[in-house]
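Notes follow once the structure below has been shown.
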Amino acid sequence: MTINLRNDVTILNIFKNELEFAKGFIDHHKDMVKQIVMLNTGNWEVFQEIKIYAKQYENIQVSFCNFKEIDFSAFRNGALKALKLLNKPTPFIIWLDTDEILETQSNEIEFDDRCDVGGIVREDGSRLFSTELDRLYRTSLPGYWVNPIHEHFKTNYIHSKDTINQLKILHLTSESQRDEQKKVLYFEILVGEYQKASKEDDRQGKINALQHIILMASHDFRNPQMCIDFFEANKDLIFSMNTDFEISKVQKLNILLHALISYSRIGSGDGITLVEPILSIDSSKSTYFQVLRGLAFNPNNSNFVKSRYLGIYQLLTIDTNGEFNNLDFQKEKEISWLERKIGLQQ
C-alpha cells in the first residue's frame, strides 16, 4: 500500500526546554504531514512561546502537561492522549523528538498493508552511527509506552513490522553531548529499572535496561570496572540475547565491544575472549578496527593485535561494511594511534 504523508500521517512530539529546536522542528515538518501534535512536558514559558509560534499553522496543535518526574513513557502516553482529544485521527503516526527531523525524497511511501509498525533508520548527530527504530505506527494499534528511560511501545496485539526505506531520521545532536547531571540521573533511573526487572524475573526488562547501563558506564562515565561488573553479572543473559526480537545486532555488538574495551582498560586479557562473538555478529572492516583498537588499550594484547592487524585486518575491503558503521577506521589519527600502540609507528 501507499502512505501519503500529507493525508495519512500525524507526527507526535514531546519537548520541554528545547525552544530553538522546537521552532526548527515546526518549520521543517509543517508542510510534510497532515498534522503535528506537540506536548510540552513542564516548561510553561517555552510552551507559551511555541504555542504562539505554531498559531500561524492550522495543522499544528501544542499542549502542556507539567510532569513532576522524568518518565518518557508517561510523556509519550500524554502525547497520545492529546491526539485522541483532538479527535482528528490519521491512519498512521510517526514519533519524533524535537532534536530529530524526518527526511524524505517523496510525499508517498510504500508500506506493507499487513504490518502495523514501520522501522525507520536514524542517523546519529555524529554521522557515525545509524540504527533502525520503530517510529511509524498504525493509529489503531492498541498499546501504550513503558519504561521511564529508553522507553518502548507495548502491545499484546500480534503485529508485524515493515522497514521503510524512503524515510530517514536525522538526530541533530549526539548522545555524547548530553548534560552530565542528566546522564547521572538517567543512569540512576536505568539501574532502578534493571533492579526492578531482576526482582520480577523480567528478561526483556533486564535487557532493555542493561544495554544502556553498560554503554553509559563505559562511554559516558569512563568507568570500566562498573561496566565489567554489570557485564559479568549478566554474561549468560547477554550471550543468549536474541537479535531477531529481543535486541538489535547493533545493540548487542555495542555491549560486547564496550565490555572488551573495559577489560582492556583495566589490564585484563579477557577481552580477547569476546573477539569471536563480536565478529560472528559483524565482521566488517569497521567492526574489526573497533575490536583491535579496544584490545590495544592493554599493552599485553599487543602481539595479538599486531598479528590480526597485519594478517587479517589489512586484507579486508571497505565495501564489507556491516550494520555497525563507525568510520574511525578511515581516520588517519585513529590509524596512527593504533599502529603506535602495537609498535608499527614511532
Cation-pi check for Trp145 against Arg76: NZ or CZ below 6.0 Å from the six-membered ring centre and within 45 degrees of the axis, yes or no? yes
Test your reading of the model: is there a side-chain donor-acceptor pair from Gln166 to the backbone of Glu110, 3.5 Å cut-off? yes
With a 6.0 Å cut-off on the ring centroids, do Phe92 and Phe111 count as close? yes
Answer yes if the ring centres of Phe297 and Trp337 are under 6.0 angstrom apart, and no otherwise. yes
After noting the C-alpha distance and the side-chain angles of Lys84 and Lys81, does the key distance pass the side chain to side chain contact (heavy atoms under 4.5 Å, CB included) rule? CA-CA 5 Å; Lys84 292 176 181 177; Lys81 183 178 179 180; 5.7 Å; no
Quick one: does NZ or CZ of Lys285 land under 6.0 Å from the six-membered ring centre of Phe329, within 45 degrees of the ring axis? no
Does the ring center of Phe153 lie less than 6.0 Å from the ring center of Tyr144? no
Show the nearest heavy-atom pair for residues Asn59 and Val33, with the distance to one decimal. ND2-O, 3.5 Å
Heavy-atom pair with the smallest gap, counting every atom of Val291 and Leu260: O-CD2, 3.7 Å
CG of Asn66: more than 12 outside heavy atoms within 6.0 angstrom? yes
Salt bridge (Lys or Arg N to Asp or Glu O under 4.0 Å) with Glu132: which of Arg122, Lys168, Lys249, Lys161? Lys161
Are the side chain of Arg135 and the backbone N or O of Gly119 linked by a donor-acceptor pair below 3.5 Å? no
Kindly indicate whether the side chain of Gln61, heavy atoms from C-beta on, has any atom under 4.5 Å from the side chain of Met38. no
Looking just at side-chain N and O atoms, do Asn4 and Asn107 make a donor-acceptor pair shorter than 3.5 Å? yes
Does Gln105 have more than 12 heavy atoms from other residues, nucleotides or ligands lying within 6.0 Å of its CD? no
Close side-chain approach of His152 and Val146, heavy atoms under 4.5 Å: yes
Please report the interatomic distance OG(Ser218) to CE(Met226), rounded to the nearest 0.5 Å. 11.0 Å
Check whether any side-chain N or O of Ser63 sits under 3.5 Å from a backbone N or O of Leu39 as a donor-acceptor pair, and report yes or no. no
With a 3.5 Å distance limit and no angle check, can you tell me whether Thr155 reaches the backbone of Pro142 through a side-chain donor-acceptor pair? yes
Are the side chains of Cys115 and His159 in contact, using a 4.5 Å heavy-atom criterion? no
Look at the side chain of Asp162 and the backbone N and O of Asp112, then say whether any donor-acceptor pair between them is shorter than 3.5 Å. yes
Correct closest heavy-atom pair for Leu12 and Ala79 would be CD2-O, 4.1 Å
Could you walk me through whether Tyr57 and Asp27 satisfy the side chain to side chain contact (heavy atoms under 4.5 Å, CB included) test, starting with their C-alpha distance in whole Å, then the side-chain angles of each, then the deciding distance to 0.1 Å, before giving a yes or no? CA-CA 10 Å; Tyr57 309 111; Asp27 292 339; 3.9 Å; yes
Go through Glu232 and Tyr263 one step at a time and tell me if the side-chain hydrogen bond (donor to acceptor under 3.5 Å, both in side chains) criterion holds. CA-CA 11 Å; Glu232 290 283 352; Tyr263 278 125; 2.3 Å; yes
Contacts table for residues 187-198: side-chain donor-acceptor under 3.5 angstrom, sequence neighbours left out:
residue	atom	partner	partner atom	Å
Tyr194	OH	Asn234	OD1	3.2
Tyr194	OH	Asn234	ND2	2.9
Ser198	OG	Tyr194	O	2.8

So if you build clusters from Ile, Leu, Val, Met, Phe, Trp, Tyr with side-chain heavy-atom gaps below 4.5 Å, do Ile312 and Leu279 land together? yes
Quick one: does Leu185's side chain get under 4.5 Å of Ile70's, heavy atoms only? yes
With a 3.5 Å distance limit and no angle check, can you tell me whether Gln251 reaches the backbone of Ser248 through a side-chain donor-acceptor pair? yes
Report the distance from atom CZ of Phe67 to atom OG1 of Thr41, rounding to the nearest 0.5 Å. 7.0 Å
Is a donor on one side and an acceptor on the other found under 3.5 Å between the side chain of His28 and the backbone of Leu102? yes
How far apart are the closest heavy atoms of His29 and Glu100, and which atoms are they? CE1-O, 3.7 Å
Any donor-acceptor N/O pair, Thr98 side chain to Phe25 backbone, under 3.5 Å: no
Does the side chain to side chain contact (heavy atoms under 4.5 Å, CB included) test come out yes or no for Val37 and Ile11, once each step is laid out? CA-CA 6 Å; Val37 175; Ile11 287 179; over 6 Å; no
Output the distance between atom CG (Leu295) and atom OG (Ser264), rounded to the nearest 0.5 Å. 5.0 Å
Under a 3.5 Å threshold, yes or no: a donor from one side chain and an acceptor from the other, between Gln48 and Tyr53? no
If you take all heavy atoms of Ile247 and Lys252, which pair is closest and at what distance? CD1-N, 4.0 Å
Are any of the side-chain heavy atoms of His171 and Asp99 separated by less than 4.5 Å? yes
Is Lys55 paired with Glu49 through a side-chain N to carboxylate O contact shorter than 4.0 Å? no
What's the separation between atom NE2 in His212 and atom CG in Asp220, rounded to the nearest 0.5 Å? 11.5 Å
Apply side-chain hydrogen bond (donor to acceptor under 3.5 Å, both in side chains) to residues Arg222 and Ser262 and explain how you reach the verdict. CA-CA 9 Å; Arg222 291 290 194 271; Ser262 294; over 6 Å; no
Tell me, yes or no, whether the heavy-atom count around Glu69 atom CD, taken from other residues, nucleotides or ligands under 6.0 Å, exceeds 12. no
Relative to the ring of Phe72, is the ring of Tyr186 parallel (under 30°), tilted (30 to 60°) or perpendicular (over 60°)? perpendicular
Could you work out, with side-chain hydrogen bond (donor to acceptor under 3.5 Å, both in side chains) as the rule, every residue matching Asn17, not counting sequence neighbours? Asn43
Is the Phe47 ring parallel, tilted or perpendicular to the Trp44 ring (thresholds 30°, 60°)? tilted
Side chain proximity check, Asn254 to His258, heavy atoms < 4.5 angstrom: yes
What I'd like to find out is whether the side chain of Ile3 reaches to under 4.5 Å of the side chain of Val9, using heavy atoms alone. yes
For the atom pair CG (Asn77) and CD (Glu151), what is the distance rounded to the nearest 0.5 Å? 9.5 Å
Provide the closest heavy-atom pair for Ile26 versus Ala54 in the form atom of the first, atom of the second, distance. CD1-CB, 4.1 Å
Atom CD1 of Ile93 and atom CG of Leu83: how far apart are they, to the nearest 0.5 Å? 6.5 Å
Donor-acceptor under 3.5 Å (Glu108 side chain, Ser106 main chain): no
Residue pair Arg293, Glu334: steps toward the side chain to side chain contact (heavy atoms under 4.5 Å, CB included) verdict: CA-CA 9 Å; Arg293 184 174 61 176; Glu334 301 295 337; 2.6 Å; yes
According to side chain to side chain contact (heavy atoms under 4.5 Å, CB included), who are the partners of Ile266, at least two apart in sequence or on a separate chain? Pro224, Gln225, Ile228, Ser268
Side chain proximity check, Gln35 to Thr90, heavy atoms < 4.5 angstrom: yes
Between Thr287 and Ser284, is there a donor-acceptor pair closer than 3.5 Å when you use the side chain of the first and the backbone of the second? no
